[in-house]
Protein chains: 2
Amino acid sequence: MAKYKKRERQELLLEKVSTDPFLTDERLAEMFDVSIQTIRLDRLELNIPELRERIKHVAREETDKIRSLSLQEVIGEIIDLELNHHALSLFIVEEGHVFRKNRIARGHYLFAQANSLCVAVIDEPLALTKSAQIEFIRPAKLGDKVVSKAVVEKMDGRIAVITVESKIEQRLVFKGRFEMYYTGEGEENG
Amino acid sequence: MAKYKKRERQELLLEKVSTDPFLTDERLAEMFDVSIQTIRLDRLELNIPELRERIKHVAREETDKIRSLSLQEVIGEIIDLELNHHALSLFIVEEGHVFRKNRIARGHYLFAQANSLCVAVIDEPLALTKSAQIEFIRPAKLGDKVVSKAVVEKMDGRIAVITVESKIEQRLVFKGRFEMYYTGEGEENG
DNA sequence: ACTGATGTTAGTACCAACTACTAAAAGAGG
DNA sequence: CCTCTTTTAGTAGTTGGTACTAACATCAGT
């Protein structure tokens, strides 16, 4: 079987280039046993940018992913906050948070949302989780919007007690009782 | 104050290039108010590759990071496992896991290690956390190697009770009691 | 002030991987 | 056979460089 027809070649080209953006026109020409010019024409017709632009695009995209990853250090977005009283955050369950099998969110992400909310609600330089009792009432699934509410029950100068309830569309999915240790000393050096 | 000395400029150059790998020699020359040749000499001395190589490197590196990201779905590396009995995992505290201020690990990472260990130790298609009581005894700091041990206390066909102890160099930093819900039905569709 | 060493700039030839364009050759279909 | 599409060839120009040579500039020490 000799060369492909134009149509086939272009389909395959798209596939090749999207699976491996690092292919030069020269390599591609060899792969399809056509001239470089043909590959160029194909790219032109298919609006496939040149090698360097493809690489640049990948690099840009991925440097963005690092940013959104380090934003993930606080799980969930805080949408309401009154220091030392209460706080509200929203966490949207995405691909990375679920078991592949059943698309149920891993428990520790729900915990992380609650835990970082507790850290945020305390208006002190140092706030660490001391203990917690938690319950997972219902599973959260891919795409669910989990709203978590933390209420500070008491603060005695060292320990704060906070209750957290997380809901999806008004239905309780998680609750917990957190004891947080806090002080005014923000030790800067390790 | 006019131009920088060679030394200073090269330090700044390294910083600039590593924070933004997309800078051409021309842009850099403008920024430091020197000729392009000087920038080239600097790059040569500092072994900084040219723009295209830098971008290629970022693109390559980052396509790899997608892999290591999906590895992150289990926090910690499992180093010993006897299904339905016990499991051991190692979690090394890195930059992304700590508060910047004091380099203490965020609580939910220690929880995540324990939680995913509990999921792993149960030899059933579906295993979800039902509830947990946890205690943070001592803070874990940047660079610490946290060894977590999960022991299955009992399994009654639906609920497993697991105790977890996490230690850094033999010293207890975290303990918890987890109730896990499990079944043989691995529902594939949401 | 003169001498060297170090640092900076200029300029040339060359490269990869292209774009944009023109033009010729090859095939395929009626 | 003629026509229309497809493919190939070839030229000029671009970006962002390398590698190299050579001319200046700056300052340090004597």
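Worth saying up front: this structure is predicted, and the values here are computed from it rather than measured. Numbers restart at 1 for each chain; the letters A, B, ... are given by sequence-line order, proteins then strands. The figures that follow rest on heavy atoms only: side chains count, while hydrogens, waters and symmetry mates do not.
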In the 5'-to-3' direction, what one-character label does each nucleotide of nucleotides 7-16 of chain D receive under the scheme B = base within less than 4.0 Å of a protein heavy atom, S = sugar-phosphate only, - = no such atom? BBBB----BB
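Of the inter-residue distances, the one linking B:Glu179 atom CD with B:Gln133 atom CD reads 7.5 Å to the nearest 0.5 angstrom. Here A:Ile92 contributes atom CD1 and A:Asp144 contributes atom CG; the two are 10.0 Å apart, rounded to the nearest 0.5 Å.
Contact annotation for B:Arg43: backbone-only contact, meaning every heavy-atom pair under 4.0 Å involves sugar-phosphate atoms and none involves a base. Residue B:Arg7 is classed as having no contact, given no heavy-atom separation below 4.0 Å to the nucleic acid.
In this structure, A:His97 and A:Phe91 have perpendicular ring planes: the angle between them is above 60°, well past the 30° mark. Note: B:Phe111 and A:Phe111 have parallel aromatic rings, judged against thresholds of 30 and 60 degrees for the angle between ring planes.
The distance from atom CG of B:Leu44 to atom C1' of D:dA19 is 9 Å, rounded to the nearest whole Å. B:Arg27 has its CZ atom 12 Å from the P atom of D:dG17, to the nearest Å. As rounded to whole Å, 18 Å separates atom C1' of C:dA20 from atom CD1 of A:Ile39. Between the P atom of C:dT19 and the CD atom of A:Glu45 lies a distance of 14 Å, rounded to the nearest Å.
Checking side-chain atoms of B:Arg54 against main-chain N and O of B:Pro49 turns up a donor-acceptor pair under 3.5 Å.
Taking the ring centre of A:Phe99 as origin, the terminal cationic atom of A:Arg106 falls inside the region bounded by 6.0 Å and 45° from the ring axis.
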